[in-house]
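Have a look at the structure below, then the notes.
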Amino acid sequence: MNIRPFAFTLVSIVVLGGLGYSGWLYFAQLEHQTCRACSRPIHDHSRTVASINGKPGYYCCPTCALTEHKQAGKPVQITQATDYLGGAALVPSESYIVRNSDVNPCTRHEAALTPDKHPMHPHFDRCSPSMLAFREMKTAQAFVAEHGGQVLRFTELAAQFQR
Ligand SMILES: [Zn+2]
């Protein structure tokens, strides 16, 4: 009996299976590192998790997640935010948002150039205005004193986007 074809098939299955698995891992990781809305890399201190129609996804900032409502026309629920100062996960309903400060981790490294190599000044950016989450109102207010913007309760802000 010749078992070589069988052994070859078995090896192929194992190899292809392994490749498939590492490929899946690669994309699964990528999904956690790039924003579902704008495809920018996700900054650890502004990572936002939101679900649309019950499907969770990762976003680079609350702005991107909230504007998804406008883009997709479907209700968006932010399920997790990240404390900009500590990098810890936050329950959105218990956190504060600083809107429109001069700090925007999403656009900081942006090197968008026009075809003739001049920096672009887009009128619309998915990640603008900047929104950063904070655990404490006090730290949010201290941040505003230094970087401008306004402090809002997360729930207050989210309500504006549900219309
Ligand atoms: Zn984004």
Side-chain angles (χ1 to χ4, degrees), residues 22-137 139-144 146-163:
S22 47
W24 177 82
L25 264 188
Y26 176 74
F27 283 109
Q29 275 175 355
L30 209 64
E31 204 200 347
H32 288 59
Q33 285 164 7
T34 53
C35 174
R36 178 153 83 178
C38 71
S39 300
R40 283 182 172 133
I42 296 178
H43 192 269
D44 281 343
H45 287 207
S46 59
R47 175 189 301 269
T48 304
V49 186
S51 74
I52 298 181
N53 277 355
K55 216 177 153 239
Y58 291 82
Y59 295 87
C60 61
C61 56
T63 319
C64 255
L66 288 169
T67 52
E68 188 88 322
H69 173 58
K70 239 184 248 168
Q71 306 277 324
K74 290 173 186 141
V76 173
Q77 204 199 356
I78 294 189
T79 51
Q80 190 188 304
T82 303
D83 186 11
Y84 181 69
L85 289 183
L90 294 180
V91 178
S93 59
E94 293 165 11
S95 61
Y96 297 88
I97 296 282
V98 170
R99 182 170 61 180
N100 219 3
S101 72
D102 61 9
V103 177
N104 191 336
C106 301
T107 55
R108 190 188 295 163
H109 303 294
E110 186 80 339
L113 297 174
T114 57
D116 51 350
K117 303 276 185 266
H118 290 295
M120 275 202 293
H121 297 289
H123 295 286
F124 173 77
D125 186 294
R126 282 215 64 142
C127 302
S128 293
S130 144
M131 289 187 203
L132 301 170
F134 291 82
R135 185 188 296 274
E136 309 279 347
M137 189 183 220
T139 44
Q141 285 168 335
F143 186 84
V144 163
E146 213 175 311
H147 296 282
Q150 55 184 145
V151 183
L152 293 153
R153 274 179 190 282
F154 178 87
T155 44
E156 217 177 298
L157 178 82
Q160 295 178 8
F161 280 86
Q162 293 306 327
R163 283 179 210 137

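Just follow the structure's listing: the first ligand is 1, and inside any ligand the first atom is 1. Index from 1, following the sequence.
The distance from the Zn ion (ligand 1) to the nearest N/O/S atom of Cys64 is under 2.8 Å. The Zn ion (ligand 1) has an N, O or S atom of Cys35 under 2.8 Å away, backbone or side chain. For a distance bound of 2.8 Å, the N, O or S atoms of Cys127 include none lying that close to the Zn ion (ligand 1).
Looking at heavy atoms from C-beta onward, Asn104 lies in side-chain contact with Cys127 at the 4.5 angstrom threshold. Using a 4.5 Å cut-off on side-chain heavy atoms (C-beta onward), Val49 and Tyr59 make no contact. Within the 4.5 Å cutoff, side-chain heavy atoms of Thr107 are placed close to those of Arg40.
Rounding to 10 degrees, one finds that the Zn ion (ligand 1) sits at the corner of an angle of 110° between Cys60 SG and Cys38 SG.
The aromatic rings of His45 and Tyr84 sit perpendicular, their planes meeting at an angle over 60°, well past the 30° parallel limit.
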